[in-house]
J.: 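Structure provided below as structure tokens; questions to follow.
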Amino acid sequence: DSGVTQTPKHLITATGQRVTLRCSPRSGDLSVYWYQQSLDQGLQFLIQYYNGEERAKGNILERFSAQQFPDLHSELNLSSLELGDSALYFCASSRTVNTEAFFGQGTRLTVV
Amino acid sequence: GESVGLHLPTLSVQEGDNSIINCAYSNSASDYFIWYKQESGKGPQFIIDIRSNMDKRQGQRVTVLLNKTVKHLSLQIAATQPGDSAVYFCAENRKGGGNKLTFGTGTQLKVEL
């Protein structure tokens, strides 16, 4: 158990809908990252937050947004969902930046 | 551009043998590297990391070697066990880039009994 908690574990939703994925980092970790893992793209970095502020951005679609709250948990919002958004979404956390990141078990999103 | 690539998509080894998983990176500004293990249905699990001011780091049964001259990283697993079967990813972090870890495509390690 990495100490990073993601909910829900599984999510099935229809195209056009909006979902929110939640992540609780390890105790004491200030930084949270979101990754998308699909079969044809591997692990793709989406976005990173550090102590509530956006720190780095990857190839995150405009339909996707995220935030980190004062209690350091983070949410990833996915809207206007498309079939191609079906993937595993992982959250990771680290103590600071440029240190080892520990991953949660992921949320498997299926868009039908 | 930024890319992290793995030489072999699948590696099969006999139980008890040593495994070597290789990774090439192209960004000379990368200064921090991590190896992750991912078992089916689970999140990537941290194995070992190394910074660019080192060329070797050892953990329990694992060793990471970094050759900055040729931009090459390897993970050595000693006495490979069935529980080591998984996909292994190398990831690089560019200096000053926050922690935007860029992952390679992964190598499937299969341990044969």
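Every chain is numbered from 1, with letters handed out A, B, ... down the list of sequences.
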J.: Which residues from residues 49-59 of chain B are near chain A, with near meaning under 4.5 Å between non-hydrogen atoms?
T.: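 Heavy-atom contacts from residues 49-59 of chain B to chain A are Asp49(B), Arg51(B).
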J.: Between Phe90(A) and Gly43(B), which heavy-atom pair has the shortest distance, and what is it?
T.: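 Shortest heavy-atom separation between Phe90(A) and Gly43(B) comes out as CE2-CA, 3.2 Å.
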J.: Which heavy atom of Ile34(B) sits nearest to which heavy atom of Ala101(A), and what is that distance?
T.: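 In this case the closest contact between Ile34(B) and Ala101(A) is CD1-N, 4.3 Å.
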J.: According to the interplanar angle, ranging from 0 to 90°, do the rings of Phe103(B) and Phe103(A) count as parallel (below 30°), tilted (30 to 60°) or perpendicular (above 60°)?
T.: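 The rings of Phe103(B) and Phe103(A) stand perpendicular, inter-plane angle above 60°.
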J.: Please determine whether residues Tyr89(A) and Ile47(A) belong to a single hydrophobic cluster, defined as Ile, Leu, Val, Met, Phe, Trp and Tyr linked transitively by side-chain heavy-atom distances below 4.5 Å.
T.: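 Result: yes, single cluster for both.
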J.: Kindly check if the number of other-residue, nucleotide or ligand heavy atoms within 6.0 Å of CG (Asn67(B)) is above 12?
T.: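 Yes, the 6.0 Å shell around CG holds more than 12 heavy atoms from other groups.
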J.: If you count heavy atoms of other groups shown closer than 6.0 angstrom to CD of Gln14(B), is the number above 12?
T.: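 Buried by this count: over 12 neighbours within 6.0 Å.
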J.: Can you tell which part of Gln6(A) gets under 4.5 Å to a heavy atom of chain B, answering side chain, backbone, both or neither?
T.: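 The answer is neither part of Gln6(A).
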J.: Evaluate whether atom CG of Leu61(A) has more than 12 neighbouring non-hydrogen atoms of other residues, nucleotides or ligands under 6.0 angstrom away.
T.: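 Yes, the 6.0 Å shell around CG holds more than 12 heavy atoms from other groups.
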J.: As an exercise, state the distance from CD of Glu100(A) to OH of Tyr32(B), rounded to the nearest 0.5 Å.
T.: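 Atom-to-atom, Glu100(A):CD and Tyr32(B):OH are 4.5 Å apart.
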J.: Count the heavy atoms of every other residue, nucleotide or ligand shown that sit under 6.0 Å from CZ of Arg95(A), and state whether that count exceeds 12.
T.: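 Above 12, so yes.
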J.: Tell me whether Leu75(B) shares a hydrophobic cluster with Tyr25(B), the cluster being built from Ile, Leu, Val, Met, Phe, Trp, Tyr side chains joined at under 4.5 Å.
T.: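 Yes, Leu75(B) connects to Tyr25(B) through the hydrophobic network.
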J.: What part of Gln38(B) gets within 4.5 angstrom of chain A, counting heavy atoms only: side chain, backbone, both, or neither?
T.: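 Answer is side chain: those atoms of Gln38(B) sit under 4.5 Å from chain A.
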J.: Hey, quick one: are Phe45(A) and Tyr49(A) part of the same hydrophobic cluster, counting side-chain heavy atoms closer than 4.5 Å, chains of contacts allowed?
T.: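 No, because Phe45(A) and Tyr49(A) fall into different hydrophobic clusters, even though each may have its own neighbours under 4.5 Å.
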J.: Can you list the residues that meet the side-chain hydrogen bond (donor to acceptor under 3.5 Å, both in side chains) rule with Ser2(A), with sequence neighbours excluded?
T.: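 Counting only residues at least two positions away or on another chain, Ser2(A) forms no side-chain hydrogen bond (donor to acceptor under 3.5 Å, both in side chains).
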J.: Tell me whether Tyr88(B) is reachable from Leu66(B) by hopping between hydrophobic residues (I, L, V, M, F, W, Y) whose side-chain heavy atoms are closer than 4.5 Å.
T.: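 As far as the 4.5 Å side-chain criterion goes, Tyr88(B) and Leu66(B) are connected within one cluster.
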